[in-house]
Amino acid sequence: MVAPLRVGIAGLGTVGAEVGRLIEQQSKVLAARSGRGVKVVSVTARSKAKKRNVDLSGIRWARDPMAVATDPEVECFVELMGGVGDPALSAIEAALSSGKSVVTANKALIAKHGLKLAALAEKHGGALNYEAAVAGAIPVVKTLREGLAGTGINRVYGILNGTCNYILSRMEQEGLSFEECLKDAQRLGYAEADPSFDVDGHDTAQKLAILASLAFGTKVAQSAVYVEGITSIAAADLRAAAELGYRVKLLGVAVRTATGIEQRVHPTMVPLKSSIAQVMGVTNAVTIDGAGISPITLVGPGAGGAATASAVLADIADVARGVRALPFGRPVAKLDATTKAPMERHLGGYYIRLMARDLAGTAARIATRLAEQKISLESIVQRHPDGMIEPIDGKKKSQPVPVILITYATSEDAMRRALAAVQSDKVISGKPQVIRIEKN
């Protein structure tokens, strides 16, 4: 009989407790699939007294994460505390330096320190597995790193934040405002009390930086990702998108271009018929465009205790099997340097919503400014004003009229120049709404 893999867990929150419970519950299945059993021998958490849905009897309670990481009986250190620095970072470094394998769900830590940790794993022979750090239960890390190891990747993009996808789905389906949907997301536990990390796009950016490294063999660099959030999206944009055959999603996109790897996070219009447009609520999805194959779309739960624990357990099973994949698919020394591709060079179509003032020549002025930058329009829609307003002088004037433009492919720089000129002409009210379009 092969001795079971001895596991130590640091962090017994929702995910950590679920991992412990699943190891106990699925012990026979794990042993059959991995060729050896899995046994938790040491744990630590901030509170020992907290009630958890897992039997911890017979398991040593360590004083801190470092004690678990350096425990000579622990073969696989499972870090589920979170945080971009210590104590998680130093504990993982200690575990890897002693030849142990590490499993983590910590996307922030992998995005910032992944290269250093991968180098330690390579040097000392342990595994560094982090499937749960990106898209929860969706096995996208293994798909890119192992399943598509022989396929050149042209583009990887996806819905990587369930909070944002839930908000946009509710806004579209029920015609609610961003603020109303955010409050509901917080009430249901989908959004934090301070939701800025999610809704401003930074959570998605961390995950995208990891996926881009796996897809293109580049060094992980969150600083190379252009980031916009969803706070400016209005219900009017979602209605217009539907009428034009699109749906708005917050996407993380990494694509190979003639000038390098472009990494960007922003609200995006995707065709209604596309696979990714069908993904609603808190669900995540990742589409991979590979050379010589049709796009592959992986869909599943991207967060939550059960989903994340499932991915953690799969990584533990790999360690038990003796699988030692290179963390980023190739040696750290062979990863290419990453630079931030200027968004001004981005080429694509755009949705533009302008509030055009009721002035003679407004439409002609807008058209002229677009033509000056060689921007061609695929469609133009003018909404009728909802009513009249009563100015102070008592003379009724029409409200600004919403004008919606869909452009053919153009550069970001040209689009920005044209809209800056339109604003300087004072023929529109407020700031133009711009949403990029991502074709299949």
Side-chain angles (χ1 to χ4, degrees), residues 1-45 48 50-62 65 68-69 71 73-82 88 91-92 95 100-107 110 126-143 145-147 162 282-284 298-325 327:
M1 293 288 290
V2 179
L5 176 73
R6 300 186 301 275
V7 171
I9 302 176
L12 290 174
T14 303
V15 176
E18 182 67 9
V19 168
R21 189 186 71 79
L22 286 175
I23 288 175
E24 180 183 359
Q25 184 185 71
Q26 305 285 349
S27 59
K28 291 183 179 179
V29 174
L30 275 172
R33 291 179 174 176
S34 306
R36 65 188 295 198
V38 176
K39 181 181 180 181
V40 179
V41 297
S42 179
V43 297
T44 190
K48 188 175 180 178
K50 181 180 176 181
K51 290 184 178 180
R52 298 174 174 91
N53 186 29
V54 59
D55 183 9
L56 297 176
S57 58
I59 299 174
R60 289 194 305 280
W61 191 278
V68 179
D71 187 332
E73 284 200 41
V74 170
E75 299 172 89
C76 178
F77 176 61
V78 180
E79 184 276 307
L80 299 171
M81 300 173 289
I92 290 176
K100 301 180 193 294
S101 290
V102 169
V103 173
T104 180
N106 194 333
K107 63 182 178 294
I110 294 296
L128 174 61
N129 294 342
Y130 53 89
E131 185 67 70
V134 183
I138 302 174
V140 64
V141 172
K142 288 174 185 170
T143 299
R145 186 177 61 195
E146 298 155 45
V282 294
T283 305
N284 281 196
L298 307 172
V299 181
T308 307
S310 171
V312 170
L313 207 59
D315 277 345
I316 294 172
D318 273 354
V319 175
R321 290 189 191 102
V323 174
R324 298 292 185 272

Quick one: CD on E131 to CG on D318, what's the gap to the nearest 0.5 Å? 9.0 Å
Counting only pairs under 3.5 Å, give me each side-chain donor-acceptor contact of residues 8-17, with atom names and distances, residues two or more places apart or in other chains.
none

When you compare the side chain of V319 with that of D315, does any pair of heavy atoms fall below 4.5 Å? no
Which residue is it: V312, L313, T104, N129? I am looking for the one with a side-chain contact (heavy atoms from CB on, under 4.5 Å) to V78. V312
Looking at R60 and D71, is any side-chain nitrogen of the basic one under 4.0 Å from a carboxylate oxygen of the acidic one? yes
Check residues 37-45 and write down every donor-acceptor pair under 3.5 Å in which the side-chain atom is one partner and the other belongs to a residue at least two apart or another chain.
from	atom 1	to	atom 2	distance (Å)
T44	OG1	A62	O	3.1

Between G136 and A311, the two heavy atoms sitting closest are O-CB, 3.3 Å
Could you list all the salt bridge (Lys or Arg N to Asp or Glu O under 4.0 Å) pairs where at least one residue sits in residues 298-311, not counting sequence neighbours? none
All heavy atoms of R52 vs all of W61, minimum pair found to be NH1-CH2, 3.9 Å
Compare every heavy atom of A325 with every heavy atom of R145, then report the nearest pair and how far apart it is. NE-CB, 3.8 Å
Could you go through residues 19-35 and list every donor-acceptor pair under 3.5 Å that involves a side-chain atom there, pairing it with any protein atom two or more places apart or in another chain?
from	atom 1	to	atom 2	distance (Å)
R21	NE	E18	OE1	3.1
R21	NH2	E18	OE2	2.7
S34	OG	L30	O	3.0

Between side-chain atoms of residues 301-308 and protein atoms elsewhere (two or more places apart, or another chain), which donor-acceptor pairs fall under 3.5 Å?
from	atom 1	to	atom 2	distance (Å)
T308	OG1	G304	O	2.9

State, to 0.1 Å, how close A135 and N284 come at their nearest heavy-atom pair, and which atoms those are. CA-OD1, 3.7 Å
If you compare all heavy atoms of A133 against all heavy atoms of K107, which two are closest, and at what distance to 0.1 Å? O-CB, 3.2 Å
Separation of E75 CD from L5 CG (nearest 0.5 Å): 5.0 Å
Minimal heavy-atom distance between R36 and A320, with the atoms involved, is CD-O, 3.1 Å
Run the ring-ring contact (aromatic ring centres under 6.0 Å, His included) test against Y130 and tell me which residues pass, sequence neighbours left out. F328
Do the non-hydrogen side-chain atoms of V103 and C76 ever get within less than 4.5 Å of each other? yes
